[in-house]
Amino acid sequence: MDKVVESAAGAVADIPSGARLAVGGFGLCGIPSVLIDALLAQGADDLEAYSNNCGVDDWGLGRLLMAKRLRRMVASYVGENKEFARQYLSGELEVELTPQGTLAERMRAGGSGIAAFYTATGVGTQVAEGGLPWRYDSEGNVAVASPAKDTRTFETHRGAQEFVLEEALVADFALVRAWKGDRHGNLVFRQSSQNFNPLAAMCGRTTVAEVEQLVEPGDLDPAEVHLPGVYVHRVVPLTPEQAADKRIEKRTVQA
């Protein structure tokens, strides 16, 4: 029951090249930066990542991207990373852009044993009809495009409505960050850092959580727990310095 691993390096040591990773965070908020750095040092490459975005050029998943460790990315937003755009447009990176709510539900479904689901999001667009450029070649031509997806009409409270089939995401490993966690893997996320973290954790076959505050079993009020320990396999306690090292994605100031 004690899932604590003393080092981030030890927690990611068995992640192989070619693995599928679900990574929590939104922008730079709630990202598992310590685990990402440990994976960078570990050396695994040819990775496929499921995450809302790919960090920025020098932080978060952007560090793996800069080292060309990512082969494919399933994300909903990639606008803050110039290297991401360069690799995508030059044919070095495959990208499956997914509506944000759909991405969240695909992760949740993967952790809930739901193989696929129908959603109205994307109906009448290339999300459903296919043709979204997943990968370009070196000349800027579309080398791999998204396939068409199954659509069906269902009766709803609005009448007959068309829906598109989306498949769940299941990752080999999930990397997340929590504010508090106990030795059994029960996690509490602080404010907006909850974002994609519980969903990413749910869809990982092996989930690794870095926690800013490690507490003992029984210290957490069950009503406060955002993610039960059944979804978490390894817990890495952070040092105060690691917990405090948080970057700002886009700094703004007032006059």
Side-chain angles (χ1 to χ4, degrees), residues 2-26 28 30-75 78 81 83-84 87 92-96 103 106-108 110-111 168-178 181 183-185 187 189 193 195-212 214 227 229-239 242-243 245:
D2 190 342
K3 301 175 182 179
V4 172
V5 180
E6 293 303 326
S7 72
V12 302
D14 59 345
I15 297 180
S17 293
R20 299 169 297 172
L21 301 177
V23 183
F26 186 99
L28 298 185
I31 63 170
S33 55
V34 175
L35 291 172
I36 290 171
D37 277 356
L39 184 58
L40 179 66
Q42 186 252 50
D45 60 6
D46 197 36
L47 300 168
E48 179 174 358
Y50 312 147
S51 190
N52 177 69
N53 60 285
C54 199
V56 295
D57 290 313
D58 62 347
W59 197 242
L61 278 175
R63 290 172 59 80
L64 288 174
L65 184 76
M66 292 289 287
K68 297 190 176 180
R69 302 284 182 81
L70 298 181
R71 172 187 61 83
R72 191 173 193 272
M73 186 80 195
V74 180
V78 295
N81 196 316
E83 176 62 13
F84 188 104
Q87 288 190 25
E92 300 172 24
L93 178 70
E94 186 171 308
V95 179
E96 182 181 345
L103 177 62
R106 290 179 72 188
M107 289 183 175
R108 193 198 69 81
L169 291 174
V170 177
D172 301 307
F173 291 84
L175 308 179
V176 301
R177 181 169 185 145
R183 292 181 177 273
H184 292 175
L187 303 181
F189 303 96
S193 66
N195 53 58
F196 275 79
N197 275 299
L199 307 169
M202 289 176 69
C203 78
R205 297 186 188 277
T206 299
T207 293
V208 188
E210 59 181 61
V211 300
E212 297 179 16
L214 179 66
L227 185 76
V230 68
Y231 289 109
V232 180
H233 305 87
R234 301 170 191 171
V235 175
V236 179
L238 301 183
T239 66
Q242 288 172 325
D245 188 12

What are the two closest heavy atoms between [X] and [Y], and how far apart are they?
| X | Y | value |
| --- | --- | --- |
| L61 | A49 | CD1-CB, 4.5 Å |
| A9 | A38 | N-CB, 4.0 Å |
| A200 | V23 | CB-C, 4.0 Å |
| S51 | G24 | OG-O, 4.3 Å |
| A174 | A201 | CB-CA, 4.1 Å |
| V78 | A75 | CG1-CB, 4.2 Å |

Under a 4.5 Å cut-off applied to non-hydrogen side-chain atoms, are [X] and [Y] in contact?
| X | Y | answer |
| --- | --- | --- |
| M107 | P198 | no |
| Q242 | S33 | no |
| L21 | L39 | yes |
| L169 | L103 | yes |
| V34 | L238 | yes |
| L65 | L93 | yes |
| F84 | M73 | yes |
| P32 | V236 | no |

Go through the steps to decide whether L187 and Y231 satisfy the test side-chain contact (heavy atoms from CB on, under 4.5 Å), and finish with yes or no. CA-CA 10 Å; L187 303 181; Y231 289 109; over 6 Å; no

Would the distance check show the side chain of [X] and the main-chain N or O of [Y] forming a donor-acceptor pair, the cut-off being under 3.5 Å?
| X | Y | answer |
| --- | --- | --- |
| E83 | D57 | no |
| R234 | V5 | no |
| N197 | G30 | yes |
| R20 | V170 | yes |
| Q42 | V12 | yes |

Rounded at 0.5 Å granularity, tell me how far [atom1] in [X] sits from [atom2] in [Y].
| X | Y | atom1 | atom2 | result |
| --- | --- | --- | --- | --- |
| D245 | W59 | CG | CH2 | 4.0 Å |
| L227 | M202 | CG | CE | 7.5 Å |
| F196 | N52 | CZ | CG | 4.5 Å |
| R69 | I36 | CZ | CD1 | 12.5 Å |

Among pairs that include at least one residue of residues 34-52, which meet salt bridge (charged side-chain N to carboxylate O under 4.0 Å, His left out), considering only residues two or more places apart or in two chains? D37-R63, D46-R71, E48-R71, E48-R72

Pairs satisfying salt bridge (charged side-chain N to carboxylate O under 4.0 Å, His left out), at least one member in residues 3-13, at least two apart: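 Every candidate salt bridge (charged side-chain N to carboxylate O under 4.0 Å, His left out) pair involving residues 3-13 fails, so no pair, neighbours aside, qualifies.
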
Side chain to side chain donor-acceptor pair (under 3.5 Å), that's the test. Do R177 and S193 meet it? Break it down for me. CA-CA 8 Å; R177 181 169 185 145; S193 66; over 6 Å; no

Can you list everything that forms a salt bridge (Lys or Arg N to Asp or Glu O under 4.0 Å) with D58? Sequence neighbours excluded, please. none

Yes or no on side-chain contact (heavy atoms from CB on, under 4.5 Å) for L214 and V4, after CA distance, side-chain angles and deciding distance? CA-CA 9 Å; L214 179 66; V4 172; 4.0 Å; yes

